[in-house]
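First the proteins, then the strands, lettered A, B, ... as listed; each starts at 1.
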2 protein chains.
Amino acid sequence: MRNLRLMPATALFPTTVKRALKSEALTALEVEAIDLFISFVRLFGLPKSIGEIYGLLFVSPKPVPMDAMMERLSMSKGAASQGLKLLRSFGAVKTAYVAGDRRDHYTADFELSRFATMFIKHELQPHLDSGLARLDRMERLMEKLPRDQKSATAPRMAKLRHWQEKGQMMMPLIAKFLVS
Amino acid sequence: MRNLRLMPATALFPTTVKRALKSEALTALEVEAIDLFISFVRLFGLPKSIGEIYGLLFVSPKPVPMDAMMERLSMSKGAASQGLKLLRSFGAVKTAYVAGDRRDHYTADFELSRFATMFIKHELQPHLDSGLARLDRMERLMEKLPRDQKSATAPRMAKLRHWQEKGQMMMPLIAKFLVS
DNA sequence: TAAGTTGTTCATTTTTATTTGACTAAATCG
DNA sequence: CGATTTAGTCAAATAAAAATGAACAACTTA
């Protein structure tokens, strides 16, 4: 699985310093943090692997490269790469430069509100937006209903409109509140 | 699948009125409502079938029995029964008495906030509660860290505490806002 | 420039969530 | 009471989501 190469016995003074070959087991603190963030990200419908990565970075005193994460979390390269891509996309992790290392190193951004604003932007807002067009469509369909059905349906559509508007209004407020 | 029995030709005056044997196809309005609520309930991590049931009831002028839902939504008995059980559990649907019919009939409760309060109660609150104990645990683990790591970790734990408290405070406010 | 390193993509596999429908219990009917 | 209707349960089937790892591209470096 890992492709370890044994260093030839003659290489007493290797020109490049080899990195640690074995990854440390997770500390109790790391396990707690990972656990915490797994359930946190689940709240936003994100996969476990996202929580694992973020949790590990959250308590890491120094930037962590992807291969170290993979090893310590026993996670595939694909999951790590995709997870970091997503976390980067909404600013939950940042890359950090580490001198003399070609690999990208990652740190957590501690503004947890990023998860919420990401959720609002990618899940809630689109839903609210398409909902507006749908409501118009539904009201037009309602018009064609026989009188009695129409009168029964009208107040329900009003309720929907009400919630739609409430949602639209809430979004900026919540966003503002979260950033504070 | 359905077990239809043909009525014997002699039964011109049946003692009990047989119900309609064929279910009507969904109307355009029903399809819109179902679509709307499927994506709405997904927001709360609920399965599609929940959205289908609630969407259908939302635009039904009269109470609907379970077998009618099953037919019109082409949904299994299990999904219908379990879905209604869940929706009932947080008050999103109510049962209505219909004279001369032994079956339970269901209507939608139009207070959409029930979905949100259900989510808060069953997903958010438990997470916040267990989070409190976890934070204590993490802080105790942090104490045992070497000086330098500890000083790097401390502000992160403070951030976590901050969000935890913010969350605890927000819950009642959100709840109040939703009901209004 | 050849060999090695790092990171991405995506078809396949694995895992998890949801749905199905046979079975059953309970209630009502004749 | 026996037949029928209604609705709940749960093991098995199916569908959906997530993880894996091989293949590849883009760099680096020796």
Identify which nucleotide among [options] has an atom closest to any side-chain atom of [X], counting heavy atoms from C-beta outward.
{"X": "B:Met66", "options": "C:dT20, C:dT9, D:dA7", "value": "D:dA7"}
{"X": "B:Asp101", "options": "D:dT6, C:dT6, C:dT19", "value": "D:dT6"}
{"X": "A:Ser81", "options": "C:dT8, C:dT19, C:dC10", "value": "C:dT8"}
{"X": "A:Pro47", "options": "D:dA7, D:dA18, C:dG4", "value": "D:dA18"}
{"X": "B:Arg103", "options": "D:dT4, D:dA7, D:dA18", "value": "D:dA7"}
{"X": "B:Ala79", "options": "C:dT19, D:dT20, D:dC27", "value": "C:dT19"}
{"X": "A:Lys77", "options": "D:dC27, C:dT8, C:dT9", "value": "C:dT8"}

Whole-Å distance between [N] [atom2] and [X] [atom1]?
{"X": "A:Lys48", "N": "C:dA17", "atom1": "NZ", "atom2": "P", "answer": "11 Å"}
{"X": "A:Gln82", "N": "C:dT8", "atom1": "CD", "atom2": "P", "answer": "9 Å"}
{"X": "A:Ile53", "N": "C:dG7", "atom1": "CD1", "atom2": "P", "answer": "13 Å"}

task: Check the surroundings of atom NZ in B:Lys121: do more than 12 heavy atoms from other residues, nucleotides or ligands lie under 6.0 Å from it?
output: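 No, NZ of B:Lys121 has 12 or fewer neighbouring heavy atoms, counting only those of other groups under 6.0 Å.
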field: Within 45° cone and under 6.0 Å: A:Lys159 NZ/CZ vs B:Phe58 ring
entry: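 Cation-pi check for A:Lys159 and B:Phe58: fails.
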For [N], take OP1 and OP2 only and decide whether either is under 4.0 Å from a side-chain N or O of [X].
{"X": "A:Arg88", "N": "C:dG7", "answer": "no"}
{"X": "B:Ser76", "N": "C:dT19", "answer": "no"}
{"X": "B:Lys85", "N": "D:dT9", "answer": "yes"}
{"X": "A:Ser49", "N": "D:dA19", "answer": "yes"}

- prompt: So does B:Arg88 pair up with B:Asp109, basic N to acidic O under 4.0 Å?
  reply: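 Salt bridge absent between B:Arg88 and B:Asp109.
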message: Salt bridge or not between A:Lys94 and A:Asp104? Use side-chain N to carboxylate O under 4.0 Å.
response: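 No salt bridge links A:Lys94 with A:Asp104.
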message: Parallel, tilted or perpendicular: which one describes the rings of B:Phe115 and B:Phe40, with boundaries at 30° and 60°?
response: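 The rings of B:Phe115 and B:Phe40 stand perpendicular, inter-plane angle above 60°.
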task: Looking at every strand, decide which applies to B:Arg42 at a 4.0 Å heavy-atom threshold: base, sugar-phosphate, or nothing.
output: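 Here B:Arg42 touches no strand at all.
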